[in-house]
Amino acid sequence: MKKIAILGSTGSIGTQTVDILPSIDAEVVALTTNRRINLLEEQARALHPKMVCAMDENAAKELKIKLADTDIEVLTACAAESGADIVVTAVVGMVGLLPTMAAIKAGKDIALANKETLVCAGGLVMSAAKQYGVRILPVDSEHSAIFQCVQAAN
């Protein structure tokens with residue numbers, strides 16, 4: 001069973017990922033949001049990850065109170081520390097670069113739905129992925145289409 005962390009689990013791609021989890025053989029070990037803690041709390045109670053992360057410190061404090069009756073750890077960052085085999089990077093904007101790089105350096109495969117990570121630092125990300133022996137897997141339709149075009153050209 002693969003262990004999965006979902007960065008941006010309360011956004012569009014993140015919620016779609018959460019929706020398909022019952023149909024795949026995966027254990028959710030971490031979920032993250034910036035500020036949408038009500039939805040993150042709902043996801044955490046349903047999926048029972050070992051940790052959840054709210055990037056906004058005030059949101060993290062509120063989430064910690066909401067989840068006090070569980071054994072789920074509440075943090076402000078958790079991509080690399082989650083124990084995941086694969087990290088879904090579904091956050092918006094270049095804010096995804098640092099957690100993606102941390103996950104790569106921790107040896108986690110990346111399911112990438114955040115194009116800004118590659119737009120702002122594609123060479124750095126791909127070089128690190130090669131160095132640490134991790135796979136970058138396209139998740140979003142645009143990424144997948146480009147990936148398929150590149151594969152067909154080879």
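Values below: all heavy atoms of this structure, side chains included; hydrogens, waters and symmetry mates excluded. Note that the structure is a prediction, hence the values are computed from the model and not measured.
- For the pair Ile13/Val139, a side-chain contact is recorded, criterion being any heavy-atom separation below 4.5 Å from C-beta on.
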Please set out all donor-acceptor pairs under 3.5 angstrom arising from side-chain atoms of residues 127-135, sequence neighbours excluded.
from   : atom 1 : to     : atom 2 : distance (Å)
Arg135 : NE     : Asp109 : OD2    : 3.3
Arg135 : NH2    : Asp109 : OD2    : 3.1

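- Hydrophobic cluster membership for Ile65: none, as no Ile, Leu, Val, Met, Phe, Trp or Tyr side chain comes under 4.5 Å of it.
- In this structure, Thr15 contributes its side chain and Thr10 its backbone to no donor-acceptor pair below 3.5 Å.
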Go through Ile136 and Met126 one step at a time and tell me if the side-chain contact (heavy atoms from CB on, under 4.5 Å) criterion holds. CA-CA 8 Å; Ile136 305 290; Met126 297 310 290; 3.9 Å; yes
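- Applying the salt bridge (Lys or Arg N to Asp or Glu O under 4.0 Å) test to residues at least two apart or on different chains, none of the pairs has a partner in residues 1-20.
- No continuous path of ILVMFWY side-chain contacts below 4.5 Å connects Leu124 to Val119, so the two sit in separate hydrophobic clusters.
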Full working for side-chain contact (heavy atoms from CB on, under 4.5 Å) between Leu47 and Leu31: CA-CA 9 Å; Leu47 299 171; Leu31 299 168; 4.1 Å; yes
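- With sequence neighbours excluded, the residues forming a side-chain contact (heavy atoms from CB on, under 4.5 Å) with Ile20 are Ser23, listed by chain and number.
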Side-chain donor-acceptor pairs under 3.5 Å in residues 37-46, sequence neighbours left out?
from  : atom 1 : to    : atom 2 : distance (Å)
Asn38 : OD1    : Lys66 : NZ     : 3.1
Glu41 : OE2    : Arg45 : NE     : 3.0
Glu41 : OE2    : Arg45 : NH2    : 3.3
Gln43 : OE1    : Ser9  : OG     : 2.6
Gln43 : NE2    : Ser9  : O      : 2.7
Arg45 : NH1    : Asp69 : OD1    : 3.4
Arg45 : NH1    : Asp69 : OD2    : 3.3
Arg45 : NH2    : Lys66 : O      : 2.7
Arg45 : NH2    : Asp69 : OD1    : 2.8

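- Nearest heavy-atom pair, Lys64 versus Val74, reported as atom, atom and distance to 0.1 Å: CA-CG2, 3.8 Å.
- For Thr17, there are no side-chain hydrogen bond (donor to acceptor under 3.5 Å, both in side chains) partners at least two apart in sequence or on another chain.
- From Lys115, atom NZ reaches atom OG1 of Thr117 across 11.0 Å, with rounding to the nearest 0.5 Å.
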For a quick test of your reading: what N or O donor-acceptor pairs under 3.5 Å do the side chains of residues 90-99 make, sequence neighbours left out?
none

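- Cluster annotation: Ile72 and Val18 are assigned to the same hydrophobic cluster (Ile/Leu/Val/Met/Phe/Trp/Tyr, side-chain heavy-atom contacts under 4.5 Å, transitive).
- Note that NZ of Lys50 is 11.5 Å distant from CG of Asp71, once rounded to the nearest 0.5 Å.
- Annotation for Ala5 and Val29: closest pair N-CG2, 4.4 Å, computed over non-hydrogen atoms.
- Here the options are Val88, Val87, Asp85, the test is side-chain contact (heavy atoms from CB on, under 4.5 Å), and the partner is Ile4; only Val88 passes.
- At a threshold of 4.5 Å between non-hydrogen side-chain atoms, the residues Leu118 and Glu116 do not count as touching.
- A heavy-atom distance below 4.5 Å is not found between the side chains of Thr100 and Asn114.
- When side chains are defined from C-beta on, Val28 counts as touching Leu21, because their heavy atoms get closer than 4.5 Å.
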Report the C-alpha distance between Ile110 and Ile104 in whole Å, list the side-chain angles of each, state the deciding distance to 0.1 Å, and finish with yes or no for side-chain contact (heavy atoms from CB on, under 4.5 Å). CA-CA 7 Å; Ile110 306 296; Ile104 289 170; 3.7 Å; yes
Under 3.5 Å, sequence neighbours excluded: what are the donor-acceptor pairs made by side chains of residues 51-62?
from  : atom 1 : to    : atom 2 : distance (Å)
Asp56 : OD1    : Arg35 : NE     : 3.4
Asp56 : OD2    : Asn58 : N      : 3.2
Asp56 : OD2    : Ala59 : N      : 2.8

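- Among residues two or more places apart in sequence or in another chain, the side-chain hydrogen bond (donor to acceptor under 3.5 Å, both in side chains) test is passed with Gln16 by Ser12.
- Annotation: the span from Thr89 atom OG1 to Leu112 atom CG amounts to 5.5 Å, rounded to 0.5 Å.
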